[in-house]
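Take a look at the structure below.
The chains referred to below are lettered A, B, ... by the order of the sequence lines, with proteins before strands, and numbering in each begins at 1.
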Amino acid sequence: MHDIRSIRDNPAAFDAGMARRGVEPLSSRILELDQERRSCQTQAQELQARRNEASKLIGAYKKDGKDAQPLLDEVAAIKEKMPQLEEREKELGAELDRILASYPNIPAPDVPDGKDEHDNVEIRRIGIPTEIAGARQHFELGEALGLMSFDLAAKLSGARFTVLRGQLARLERALGDFMLDIHTTEYGYEEVSPPLLVKDDAAFGTGQLPKFTEDLFQTTNGFWLIPTAEVPLTNLVNDAILDGEELPLRLTARTPCFRSEAGSAGRDTRGMIRQHQFYKVEMVSITRPDQSAAEHERMTDAAETVLKRLGLPFRTVTLCSGDMGFTAQKTYDIEVWLPGQGAYREISSCSNCGDFQARRMKARFRAKGEKATQFVHTLNGSGTAVGRCLIAVLENYQQADGSILIPEALRPYMGGLERIAAHG
RNA sequence: GGAGAGGUGGCGGAGUGGUCGAACGCGUCGGUCUCGAAAACCGAAGUACCCGCAAGGGUACCGUGGGUUCGAAUCCCACCCUCUCCGCCA
């Protein structure tokens, strides 16, 4: 959601920001609507003020036995005019809100310009890509172990689902636990167990609605299945006025995520890279504006720490203006090395949304000693996608005999197990 | 699912047609008092929007949306939500 006042103050900056997203200039249209809307509002308010005044007088006149008829006539005339103005104002307001809510966030100044993922900028590379002769992909490994089945999942649910069992099911659980422990004990995130079904308001607040309904699953009675814990975690502060001293607020959750994956037909069809349902550990930070840039780095560091501890090679890229998500001002993607694919694949995405979501949610704070409220900044990041992390462990720790070595850091979470092998 | 009760400011809780943006209490903030604190006393304090350089003025909001009325927190209708009891259930 864009701020109409900042567009009023600097329409050129707004258009320039949109241009970086590949959006045509639209400030003049917005300002026209805004101008007319405010004019209607002012007129309606003046009439209303007069009506309130007259109504009071009518009461007084009647009490004193004076003739109130002229006032009654005046009010009747006002009642003719008002509905038109109010109706018009409502229409214009709705149209304005629709526009302000349907264009993406403006990229931060330090975000590289570009069209798509080819223009993203690598900022660091940690670890050396594992070289494994004849490296196999995760689904080959998992199926050979007899602990990962796409056939069984298809029988139950169709394409884009996976059944994990035995030590692979446990590995998934262990990874999530491991990640949560890092974020809660080392980075100060509070663990949350949120609803997985949310109402329209929540989905609007974080930007899934109204534009991206086709990406979501909806229940027959209108709930949306969360596509990420970002939705419930961020909306925890909707319509709130927080104490500036309490920020940043840091929240984390491991939840299933549900995505329809409409429009991704044919992409990543093998294996469990792209699923309708997957676990993800999500981090959300609610900050003051002056804190959000540093918090963004900190959050990204938390996600990277997970991969470092697991000994997984990765690189971090800054997304270019054309590749960022709808709500983001700036985004770091972390891409983990998958030897089986011989490629870096996204495993985390950490975004600073500025006040874009806060304005939709009406999430504000009051700075110490100040009377006025300001919108908070919101950040969200995967820390990390559990399913994809499991894939990364399988591919990076695969042994020639098809077994999987378990990273040291994970062994306490696996009851001391060192290796996953068939029949193991 | 059945029956009942209820949704008012940070909280509790008055208020059934007109000076009600809303009594009162608690909590919060500022001050007086005090060596300091407590108590007591005095005072301040909702959110959003519009007009205005400003000072200031105005409008809306008492779950949501409609309606009645010159005038609605108060009356009418619909919806949503919460709580209690019963049933069912992880």
Side-chain angles (χ1 to χ4, degrees), chain A residues 1-9 30-101 193-205 209 218-224 232 235-247 249 255-256 355 357-376:
Chain A
M1 187 88 161
H2 289 285
D3 178 12
I4 183 64
R5 267 177 289 193
S6 80
I7 299 175
R8 254 181 238 154
D9 292 346
I30 289 173
L31 291 181
E32 239 171 72
L33 285 170
D34 178 49
Q35 187 60 47
E36 195 187 344
R37 197 197 107 256
R38 282 191 291 162
S39 155
C40 285
Q41 182 180 16
T42 303
Q43 290 177 59
Q45 286 184 357
E46 279 166 3
L47 288 177
Q48 183 68 49
R50 179 55 198 157
R51 189 181 79 158
N52 289 344
E53 192 183 3
S55 289
K56 278 185 186 169
L57 285 172
I58 288 168
Y61 277 33
K62 285 193 165 170
K63 204 191 278 177
D64 299 347
K66 288 201 264 183
D67 177 20
Q69 195 53 46
L71 286 168
L72 287 168
D73 292 343
E74 184 185 348
V75 169
I78 289 174
K79 284 182 78 172
E80 288 274 308
K81 268 178 87 176
M82 282 249 304
Q84 301 164 30
L85 282 167
E86 282 175 342
E87 177 68 15
R88 183 72 184 137
E89 188 206 334
K90 222 167 151 183
E91 274 171 30
L92 291 162
E95 173 67 359
L96 199 56
D97 283 346
R98 195 190 61 71
I99 293 174
L100 293 175
S193 176
L196 308 180
L197 269 51
V198 297
K199 299 188 287 186
D200 288 357
D201 279 357
F204 177 84
L209 296 186
Q218 187 172 32
T219 66
T220 51
N221 54 353
F223 287 118
W224 301 95
N235 278 287
L236 248 22
V237 299
N238 81 3
D239 201 33
I241 299 175
L242 306 168
D243 177 355
E245 299 295 297
E246 289 170 5
L247 302 178
L249 181 64
T255 68
D355 62 8
Q357 292 178 323
R359 190 168 284 111
R360 290 174 162 251
M361 294 190 299
K362 297 185 181 33
R364 294 150 291 169
F365 75 97
R366 202 187 313 273
K368 190 173 187 172
E370 303 241 332
K371 196 168 159 1
T373 61
Q374 298 176 57
F375 287 110
V376 298

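- When the C1' atom is compared between B/A60 and B/A78, the two are found 23 Å apart, to the nearest whole Å.
- Contacts classified as side chain to side chain donor-acceptor pair (under 3.5 Å) and involving residues 71-80 of chain A (residues at least two apart or in different chains) are given here: A/Arg50-A/Glu74, A/Gln69-A/Asp73.
- Here, B/C76 and B/C89 have their P atoms 40 Å apart, quoted to the whole Å.
- At B/C49, none of the side-chain N or O atoms of A/Gln41 fall inside 4.0 Å of OP1 or OP2 (strictly under the cut-off).
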- Dot-bracket assigned to RNA chain B with the 3.5 Å Watson-Crick/G-U criterion, [ ] for crossing and | for other-strand pairs, is ((((((((.[[[..)..(.....]]].(((((.......))))).((((((....)))))).[[[[[..)....]]]]])))))))....
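- The residue A/Arg5 sits close only to the backbone: its heavy atoms come under 4.0 Å of sugar-phosphate atoms, none of a base.
- For RNA chain B, the residues of residues 236-244 of chain A within the heavy-atom distance limit of 4.0 Å (strictly under) are A/Ile241, sorted by number.
- For residues 52-60 of chain A, proximity to RNA chain B is found at A/Asn52, A/Ser55, A/Ile58, A/Gly59, defined as any non-hydrogen atom under 4.0 angstrom from a strand atom.
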Listed pairs, N/O of protein and of nucleotides 65-68 of chain B, under 3.5 Å:
| from | atom 1 | to | atom 2 | distance (Å) |
| --- | --- | --- | --- | --- |
| B/G66 | OP1 | A/Lys90 | NZ | 3.1 |

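- Looking at residues two or more places apart in sequence or on another chain, you find a side chain to side chain donor-acceptor pair (under 3.5 Å) between A/Asp34 and A/Arg8, A/Arg37, A/Arg38.
- Here B/C50 is the nucleotide among B/G71, B/A48, B/C50 with the atom lying nearest to any side-chain atom of A/Arg8.
- Taking atom C1' in both B/G9 and B/C62, the straight-line distance is 9 Å, to the nearest Å.
- Residues A/Trp224 and A/Leu197 form no side-chain contact, since every pair of their non-hydrogen atoms from C-beta on lies 4.5 Å or further apart.
- If you take atom P in B/C83 and the same atom in B/C77, they sit 26 Å apart, rounded to whole Å.
- Taking the P atoms as reference points, B/G66 lies 15 Å from B/A73, given to the whole Å.
- Distance, A/Met82 CE to B/U59 P: 11 Å, rounded to whole Å.
- Phosphate contact (OP1/OP2 of B/A48, side-chain N/O of A/Thr373, threshold under 4.0 Å): present.
- Considering only side-chain N and O atoms, A/Arg51 lies nowhere under 4.0 angstrom from the phosphate OP1 or OP2 of B/C70.
- OP1 or OP2 of B/U47 lies within a sub-4.0 Å distance of a side-chain N or O belonging to A/Arg366.
- Contact annotation: A/Lys79 reaches the phosphate of B/G71 (side-chain N/O to OP1 or OP2, under 4.0 Å).
- Residue A/Arg364 has a polar side-chain atom (N or O) positioned under 4.0 Å from OP1 or OP2 of B/A48.
- Within the 4.5 Å cutoff, side-chain heavy atoms of A/Asp239 are placed close to those of A/Arg364.
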